[in-house]
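Shown next, in structure tokens, is the structure this report addresses.
Just so it is clear, the structure is predicted and the values come from calculations on it, not from any experiment.
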Amino acid sequence: YGIALGNGGVLFVADTYNHTIRKVAPVDTNWVVTTFAGTAGFAGTSDGVGGLARLNFPYGVAADGTGNIYVADSYNHTIRRVTPWGEVTTIAGLASAAGITDGTNTSARYYYPSGIAVDGLGNILVADTYNSIVRKVSPVGSDWVTTTVAGLPRFSGSADGTNRSAQFNYPFGIASGPGGTLYVADTVNHTLRSVAPAGTNWVVSTIAGLAGSVGTADGPGSSVRFNLPYGLAVDSAGNLFVADTYNYTIRFGQPGFTLQAGLSGGQLVLSWPVGASNYVLETSGTLNPGAQWSPLGTGAVLSGDRFFKTNLIGAPPAFFRLHLQ
């Protein structure tokens, strides 16, 4: 079910029904597959090195920058870590003990966790599927502390909102994007959700699809239709790639950016999000057919999470746009 890209172009695969984690390494023009953790056909809960460890229908897998692999060991209701030398340890949850409890190490409880991701700070993000919530597992010294980021445990729904006022419906996929924003494949809602940090809070928004509406339509926002999307990935520009499972398709989602205009003294101030770094600010004197757009490549100032550019009010009338390079 799960796949992750590790150091050196090595792939790690959650070989779910074999109860193993496989490594797929590029060697010249070939790919060499080895079993990295677990033994095929033997489900269990044991920690250990390589084939001595036991997993139980692992679904999600994620890699950090130091060679560690993290596994959503779904039927064990646990989160496991696999070191670069193949040592498997349980870092959160208690094997075969389903629940919803936040806590430290094995005092935390999960309920069929499926999706897993690692952010730039070393935190592990989990789509705790049957609890319909998003969890964070943070390293604190030698411990791992589980907290609920968003969603109301065991209450499925589609509400946007902050922290536990938001609701999910059996989310399977999760990815960590630019600026610490999380993206969730909210599978049974047939939607994609963003979970954005705002101070000490997390704000959940539906960014694509309409809860309860199944279909194939492309488009912006709520006009999109999915059919049980399970997996997703995000690149450094905030583009999403979605495994739209029951539509048998891979979907591409591009963030929309708004160019804002305001007045400050005798100047027009244009601003746009820093996430639009691959867009160019352009200007034209007309919107008539055949209008020529010229880039405004200099003079933009970065402040916080936005770019700013100013123009004198006395300049000739002009139109402005953000244009993808």
Side-chain angles (χ1 to χ4, degrees), residues 1-2 14 16 43-47 53-62 64 68-82 88-119 121-159 161-176 180 182 184-189 193 195 197-204:
Y1 273 82
T16 304
T45 65
S46 302
D47 290 340
R54 294 291 181 265
L55 305 164
N56 195 357
F57 291 97
Y59 269 61
V61 62
D64 68 14
N68 293 306
I69 306 302
Y70 298 93
V71 180
D73 195 7
S74 188
Y75 280 44
N76 275 331
H77 311 292
T78 56
I79 307 302
R80 317 287 291 274
R81 179 178 66 179
V82 190
V88 178
T89 55
T90 302
I91 63 172
L94 184 64
S96 303
I100 58 174
T101 309
D102 288 343
T104 302
N105 303 331
T106 57
S107 68
R109 295 291 183 271
Y110 293 81
Y111 194 15
Y112 293 113
S114 297
I116 193 166
V118 181
D119 70 14
L121 300 176
N123 299 302
I124 304 164
L125 298 315
V126 181
D128 192 2
T129 302
Y130 274 55
N131 278 326
S132 289
I133 55 178
V134 174
R135 317 286 289 276
K136 180 170 72 170
V137 190
S138 300
V140 180
S142 60
D143 294 320
W144 293 87
V145 178
T146 296
T147 55
T148 298
V149 166
L152 186 61
R154 302 279 179 92
F155 284 88
S156 298
S158 60
T162 302
N163 304 332
R164 295 194 181 207
S165 67
Q167 292 177 309
F168 298 89
N169 196 357
Y170 291 87
F172 271 81
I174 191 168
S176 178
L182 310 179
V184 177
D186 196 6
T187 303
V188 180
N189 274 330
R193 316 287 292 278
V195 186
T200 59
N201 297 312
W202 294 84
V203 179
V204 178

State, without any angle test, whether [X] and [Y] hold a side-chain donor-acceptor pair at a distance under 3.5 Å.
X      : Y      : value
Thr89  : Asp47  : no
Tyr1   : Ser74  : no
Asp102 : Thr147 : no

Determine the minimum heavy-atom distance between [X] and [Y], stating which atoms define it.
X      : Y      : value
Ala72  : Ile79  : CA-CD1, 4.2 Å
Tyr112 : His77  : N-ND1, 3.0 Å
Ser107 : Thr101 : O-CG2, 3.9 Å
Tyr170 : Ser156 : CE1-OG, 3.7 Å
Gln167 : Arg193 : O-NH1, 2.9 Å
Thr78  : Pro113 : O-CG, 4.0 Å

Quiz item: Which is it for Tyr110 and Thr146 under the side chain to side chain donor-acceptor pair (under 3.5 Å) test, yes or no, and what are the steps along the way?
Solution: CA-CA 10 Å; Tyr110 293 81; Thr146 296; 2.8 Å; yes
Spacing of [X] atom [atom1] and [Y] atom [atom2] [to the nearest 0.5 Å]:
X      : Y      : atom1 : atom2 : value
Arg54  : Thr45  : CZ    : OG1   : 10.0 Å
Ser132 : Ile100 : OG    : CD1   : 11.5 Å
Trp144 : Asn123 : CH2   : CG    : 8.0 Å

So do the side chains of [X] and [Y] get within less than 4.5 Å of each other, counting heavy atoms only?
X      : Y      : value
Arg80  : Thr90  : yes
Phe168 : Ile133 : no
Val134 : Trp202 : no
Pro139 : Val145 : no
Arg81  : Val88  : no
Tyr70  : Ile91  : yes

Quiz item: Is the number of heavy atoms from other residues, nucleotides or ligands under 6.0 Å of Tyr130 OH greater than 12?
Solution: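 No.
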Practice problem: Report the C-alpha distance between Leu125 and Lys136 in whole Å, list the side-chain angles of each, state the deciding distance to 0.1 Å, and finish with yes or no for side chain to side chain contact (heavy atoms under 4.5 Å, CB included). | Solution: CA-CA 5 Å; Leu125 298 315; Lys136 180 170 72 170; 3.8 Å; yes
Tell me whether [X] contacts the main-chain N or O of [Y] through its side chain, where contact means a donor paired with an acceptor under 3.5 Å.
X      : Y      : result
Asn56  : Asp73  : no
Asn131 : Gly99  : yes
Asn76  : Gly44  : yes
Thr129 : Pro171 : yes

